[in-house]
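Structure, as structure tokens:
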2 protein chains.
Amino acid sequence: MTINKLKSAGLKITNQRVIVLNYLFNTQERHLSAEDIFRDLRLNGEDVGQATVYRVLNQLEEAGMLERHYFDGSKAYYELSSNSHHDHLVCLHCGKIIEFFDPFIEQRQQEIAEQYDMKLSHHNLYMFGYCLNPDCHRDI
Amino acid sequence: MTINKLKSAGLKITNQRVIVLNYLFNTQERHLSAEDIFRDLRLNGEDVGQATVYRVLNQLEEAGMLERHYFDGSKAYYELSSNSHHDHLVCLHCGKIIEFFDPFIEQRQQEIAEQYDMKLSHHNLYMFGYCLNPDCHRDI
DNA sequence: GTCGGTGCAAATCCTTTGCACCCTC
DNA sequence: GAGGGTGCAAAGGATTTGCACCGAC
């Protein structure tokens, strides 16, 4: 439950934190920008400031509850951490995001890191293309 | 040669474009931010404006001569396109960037894209960790 | 000579921060 | 009651843009 998650992260239980976290747990969209979240919360009549949304997202990310992604570099997108790591396929036309996990790729990455004497911390694999939607599935 | 590259990209030959492109061809660093490039050019006494550096980098990227990377999301880094695709290993401590290519990972990506009916355009794989430098090679 | 290229400063976008006030513990 | 949390507006960093001038073709 939201409150326990906050507690175990060592964060004070404040209305705003509960509101943001509940929203993330209940929304359909898994990948949202700070702006998306702030806008939606306001539309829902929630009483949260923009700065607070940014602050809470940073705290949840530091606490490991959220992951931050820069698909295109312009702005950050957040998703609830799942217990299983995954990578992303992004449709360049409609923006749809598919999550996938491939054990072979994961293992190769580990081997490559070892080969270069690097101790791996994390990685981001973003694949961009056009999805099966007829509007999207075309030659670039 | 720089001028021919510009011509074949359909870009007018201007001093500023030649300066930026020459700089990129001659520098040791393969991954540079717009700020890095602007600063170095000015230090070299070159007569280029900041806006022009940004514009030229965008044009060279659109022309396929440069690749833009957002390793951490804060700002863009540019590298001259090589004829061979590669991915990146980044040291979180010293910032060193290792380029690598792994045919196995490339192929798996293709297979995964097909599995999700996506027509792949490009991808970015960024691996982050700590390099073999004693200062860097530690547990996080 | 034309039309795109440039420099400067202002504008924009996303995000962070300073500060006075508020609320959790 | 203390110390962190919040909202607002202002500041910040990276990048783009408007506009008058300049230069390549």
Side-chain angles (χ1 to χ4, degrees), chain A residues 1-23 31-42 44-63 65-78 95, chain B residues 1-23 31-42 44-63 65-78 95:
Chain A
M1 196 238 199
T2 310
I3 294 190
N4 294 327
K5 295 247 178 196
L6 286 171
K7 273 188 187 156
S8 57
L11 294 170
K12 262 192 196 173
I13 314 303
T14 67
N15 270 325
Q16 290 82 345
R17 285 177 183 161
V18 172
I19 288 168
V20 171
L21 200 44
N22 266 338
Y23 169 77
H31 304 87
L32 295 155
S33 67
E35 187 198 358
D36 294 334
I37 296 167
F38 174 61
R39 178 179 22 74
D40 287 2
L41 289 178
R42 279 299 178 88
N44 293 351
E46 300 292 4
D47 190 15
V48 202
Q50 194 186 34
T52 300
V53 169
Y54 277 100
R55 279 187 282 232
V56 171
L57 291 173
N58 281 334
Q59 292 156 351
L60 297 179
E61 200 257 342
E62 277 163 36
M65 282 189 261
L66 293 185
E67 276 174 30
R68 195 199 315 261
H69 293 285
Y70 294 95
F71 295 115
D72 58 346
S74 59
K75 59 180 158 184
Y77 286 83
Y78 296 87
Chain B
M1 196 241 201
T2 309
I3 293 188
N4 294 326
K5 296 247 177 195
L6 287 171
K7 274 189 185 154
S8 57
L11 294 169
K12 262 194 194 172
I13 314 304
T14 67
N15 270 326
Q16 290 81 346
R17 285 176 184 160
V18 172
I19 288 168
V20 171
L21 201 44
N22 267 338
Y23 169 77
H31 304 87
L32 294 155
S33 67
E35 186 199 359
D36 292 334
I37 296 168
F38 174 62
R39 178 181 20 75
D40 286 3
L41 289 178
R42 279 299 180 86
N44 293 351
E46 299 293 3
D47 191 12
V48 203
Q50 194 186 33
T52 299
V53 170
Y54 276 100
R55 280 186 282 234
V56 171
L57 291 173
N58 282 335
Q59 293 154 352
L60 297 179
E61 199 257 343
E62 278 162 35
M65 282 190 263
L66 292 185
E67 277 174 30
R68 195 198 316 263
H69 293 285
Y70 293 96
F71 295 115
D72 58 347
S74 60
K75 58 181 161 185
Y77 285 83
Y78 296 88

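Atom set for the values below is all heavy atoms of this structure, side chains included, hydrogens, waters and symmetry mates excluded. Model, not experiment: these values are computed from the prediction.
Regarding A/I13, its CD1 atom lies at a distance of 16 Å from the C1' atom of D/dT6, rounded to whole Å. The separation between A/L11 atom CG and D/dT6 atom C1' is 15 Å, rounded to whole Å. In this entry the distance linking CG of B/L6 with P of C/dG4 reads 17 Å, nearest Å. Distance B/D72 CG to C/dC14 P: 17 Å, rounded to the nearest Å. One interatomic measurement links the two molecules: CZ of B/R68 to C1' of D/dA14, which rounds to 12 Å at whole-angstrom precision. Protein atom CG of A/D47 is 10 Å distant from nucleotide atom C1' of D/dT6, rounded to whole Å. Distance CD (B/E62) to P (D/dT16): 10 Å, rounded to an integer number of Å.
Here the closest non-hydrogen pair linking B/V48 and B/F38 is O-CE1, 3.4 Å.
Contact annotation: B/Q16 side-chain N/O to C/dG7 OP1/OP2 distance is under 4.0 Å. The shortest distance between the side-chain N/O atoms of B/T14 and the OP1/OP2 oxygens of C/dT6 is below 4.0 Å. For A/Y54, a side-chain nitrogen or oxygen approaches OP1 or OP2 of C/dT15 to under 4.0 Å. For C/dT16, one of the phosphate oxygens OP1 or OP2 lies less than 4.0 angstrom from a side-chain nitrogen or oxygen of A/N58.
Side-chain to base pairing of B/R55 with C/dG4: no donor and acceptor N or O lie closer than 3.5 Å to each other.
Sequence order on DNA chain C of the closest nucleotides to B/K12 and B/R42 puts B/K12 first from the 5' end.
In this structure, B/R17 reaches the sugar-phosphate backbone alone: every heavy-atom distance under 4.0 Å involves primed, P, OP1 or OP2 atoms, never a base.
Out of D/dG7, C/dT24, C/dG5, the shortest distance to the side chain of A/N15 is found at C/dT24. Counting only heavy atoms from C-beta on, B/K75 has its side chain closest to D/dT15 among D/dT15, C/dT17, C/dC8. Residue A/E35 has its side chain nearest to C/dC14 when only D/dA14, C/dC14, C/dT24 are considered.
A donor-acceptor pair shorter than 3.5 Å can be found between the side chains of B/R17 and B/Q59.
The aromatic rings of B/F71 and B/Y77 are tilted relative to each other, their planes meeting at an angle between 30° and 60°.
Within 6.0 Å of the CG atom in B/D47, the count of heavy atoms belonging to other residues, nucleotides or ligands does not exceed 12.
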